[in-house]
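What follows is a single structure, written as C-alpha cells, with notes after it.
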Amino acid sequence: MNLLEVDNLVVETKTTTIINNVCLEVFENEIVALVGESGSGKSMIARSIMGLLPSEQLCISSGSIEFQENELLTLPEQSMRKIRGRSIAYIPQSPLNALNPMMSIERQLIESFDPQFHEISPKERALFLLKRVGFLDPERIMKSMPYQLSGGMRQRVLIAISLMNAPKLLIADEPTTALDVTLQAEILDLLQDLKQEYGLGILFITHDLGLVARYAERGYILFSGKIVEEGPINDLFYDPKETYTKLLLSSLIHHPTMTGSIL
C-alpha cells in the first residue's frame, strides 16, 4: 500500500529554488533511501513532509505531499499535529541535540504518548519499547538523563520515542551519523526488524551508499535539490544511468572507510 507520495515538490526562498520538482513514494513494509551529499536538500524534504519548514525563510511554492490519501500541504496545523509524531514519526540527525538535556528519558518518552492509541499506561508502553530496541535494563534507562547515555543508546531512545504511537511511516534522517561502524549496523538492523514486525514504511535519508546497498530496497538520488535517478537498489548500483550516480558509486568503491559493500 502506498503510504507517502511526494509529487513535484518545490521549496523556495525569496531568491532561490532549494527543492526542484521532487517526486518520491514510500510503500508499507519497505525501506526507501533518499541519497545525496551534504547540502543537497535531503533534510529539507524531510522537514517539508513533517510540516516543519521555517515559514519565515522558506515556502513550498508548488507540489503535493499525500500521506494515506490525505493532502498534507492543505491541512491546518491542528490537523497536522494529529499526524506528526503519531502516524508519521521523525528520527532527527543528532540524538544528543534532539533530546532535552534537562529531562529524564522517562519524561521524554511519556510526553510523546497519546492515550487514544493504546490500552496500556504510558510507562508500560515506554518500557516495552525500550526493551524492543535492545535495552536489557529499561527501568534504569527510564531514570537516566541523556548525558548519561552513549551515542548509540541515545539513538535507540529516539527510535523508541518515534514508535510510542505506532506510526505507519518513519522518516530516519541520517540516523547513524557520528556512530561507529558496529553501532551503525546495529541501529539499521533494528530498523529493518521493526519494518518487518510492524509493516513500517521507512524513508532512510543518508549520504552513505554502503548502508543503502545493504538495507534499502529502492532509492532516489538527489543532487542540488533535484532527483536525478531513481529505482530498485540493484538497478542503481549495477546499472546506473546518470553521470552523477556513477560518480557517487565510483567514490564509494574507492573510499577507504566505506561502511558497506556493493560488490
Side-chain angles (χ1 to χ4, degrees), residues 3-14 16-26 32-36 38-101 103 108-109 111-114 117 146 154-155 157-178 191 200-207 220 222 224-227:
L3 286 176
L4 176 73
E5 183 173 358
V6 178
D7 187 33
N8 291 315
L9 178 68
V10 177
V11 179
E12 298 178 320
T13 67
K14 292 181 180 179
T16 308
T17 298
I18 307 296
I19 301 300
N20 190 2
N21 289 315
V22 162
C23 300
L24 62 85
E25 292 180 311
V26 181
V32 176
L34 180 60
V35 186
S38 297
S40 60
K42 304 186 300 296
S43 294
M44 199 74 66
I45 293 170
R47 294 191 187 104
S48 298
I49 296 168
M50 296 297 295
L52 295 174
L53 284 179
S55 57
E56 67 279 5
Q57 299 169 338
L58 298 164
C59 71
I60 297 175
S61 59
S62 64
S64 170
I65 302 175
E66 286 194 4
F67 172 71
Q68 292 186 320
E69 300 182 354
N70 293 306
E71 175 52 65
L72 301 186
L73 295 184
T74 58
L75 282 181
E77 177 59 21
Q78 185 175 3
S79 299
M80 190 64 194
R81 286 176 185 170
K82 295 178 181 179
I83 292 176
R84 188 190 302 126
R86 294 171 172 81
S87 298
I88 305 177
Y90 179 59
I91 304 174
Q93 288 187 30
S94 172
L96 184 58
N97 294 334
L99 293 169
N100 189 326
M103 292 171 56
Q108 295 188 63
L109 280 158
E111 194 176 59
S112 63
F113 182 83
D114 190 331
F117 289 98
R154 289 191 292 263
Q155 192 64 277
V157 167
L158 281 181
I159 293 172
I161 291 173
S162 73
L163 295 173
M164 280 295 283
N165 296 307
K168 297 295 184 184
L169 175 66
L170 190 61
I171 300 175
D173 190 356
E174 302 275 10
T176 59
T177 298
L191 289 178
L200 285 174
I202 298 177
L203 181 60
F204 174 35
I205 297 173
T206 185
H207 63 273
Y220 294 86
L222 188 70
S224 295
K226 189 172 183 178
I227 299 293

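Basis for what follows: all heavy atoms, side chains included, without hydrogens, waters or symmetry-related copies. Only a predicted model underlies this, so the values are computations on that prediction, with no experimental measurement involved.
Ala89 is linked by a side-chain contact (heavy atoms from CB on, under 4.5 Å) to Ser162, Pro167, Leu170, counting only residues two or more places apart in sequence or in another chain. With sequence neighbours excluded, the residues satisfying side-chain hydrogen bond (donor to acceptor under 3.5 Å, both in side chains) with Ser43 are Gln93, Asp173. Not counting sequence neighbours, the partners of Pro54 by the side-chain contact (heavy atoms from CB on, under 4.5 Å) test are Glu56, Gln57, Leu58. Arg84 pairs by the side-chain hydrogen bond (donor to acceptor under 3.5 Å, both in side chains) definition with Glu77, not counting sequence neighbours. Taking the side-chain hydrogen bond (donor to acceptor under 3.5 Å, both in side chains) definition, one finds that Ser224 meets it with nothing, sequence neighbours left out.
Rounded to the nearest 0.5 Å, atoms CG (Asn70) and CD1 (Ile65) are 13.0 Å apart. From Phe67, atom CZ reaches atom CG of Leu169 across 5.5 Å, with rounding to the nearest 0.5 Å. Put simply, CD on Gln108 and CG on Leu99 are 5.0 Å apart, with the number rounded to the nearest 0.5 Å. Interatomic distance, CG of Leu163 versus CG of Leu158, reported as 11.0 Å (0.5 Å rounding). The CD1 atom of Ile205 lies 5.5 Å from the CG atom of Leu34; values are rounded to the nearest 0.5 Å. In this structure, the separation between CG on Leu4 and NZ on Lys168 is 15.0 Å, given to the nearest 0.5 Å.
Side-chain atoms of Asn8 do not come within 3.5 Å of backbone N or O of Ser62 as any donor-acceptor pair. Between the side chain of Arg81 and the main chain of Pro76, no donor-acceptor pair closer than 3.5 Å is present. A donor-acceptor distance shorter than 3.5 angstrom exists from the side chain of Gln155 to the backbone of Pro175, with no hydrogens or angles considered.
Side-chain contact check for Ser64 and Glu5: no donor-acceptor pair (N or O, by modelled atom type) lies under 3.5 Å.
Contact between Gly85 and Met50 at its shortest, heavy atoms only, is N-CE, 4.4 Å. Taking all atoms of both residues into account, the shortest heavy-atom contact from Leu222 to Ser40 is CD2-O, 3.4 Å. Nearest heavy atom pair, residue Ser48 against residue Leu9, reads CB-CD2, 4.0 Å. Shown here for Met80 and Leu75, the closest heavy-atom pair between the two residues is SD-CD1, 4.4 Å. Here the shortest heavy-atom pairing between Ser112 and Asn165 reads O-ND2, 2.6 Å. Heavy-atom minimum distance, Phe113 versus Met164: CD1-CE, 3.6 Å.
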Problem set entry | Derivation and outcome, side chain to side chain contact (heavy atoms under 4.5 Å, CB included), residues Leu200 and Leu191 | CA-CA 9 Å; Leu200 285 174; Leu191 289 178; over 6 Å; no
Exercise. Which is it for Glu66 and Asp7 under the side chain to side chain contact (heavy atoms under 4.5 Å, CB included) test, yes or no, and what are the steps along the way?
Worked result: CA-CA 8 Å; Glu66 286 194 4; Asp7 187 33; over 6 Å; no
Problem set entry | CA sep, side-chain torsions, deciding dist, call: Leu24, Ile45, side chain to side chain contact (heavy atoms under 4.5 Å, CB included) | CA-CA 10 Å; Leu24 62 85; Ile45 293 170; 4.3 Å; yes
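By the 4.5 Å heavy-atom criterion applied to side chains, Val26 and Ile202 are not counted as neighbours. Between Ile60 and Ile19 there is no side-chain heavy-atom pair separated by less than 4.5 Å.
Pairs engaging residues 40-49 under the salt bridge (Lys or Arg N to Asp or Glu O under 4.0 Å) rule: Lys42-Glu174 [sequence neighbours left out].
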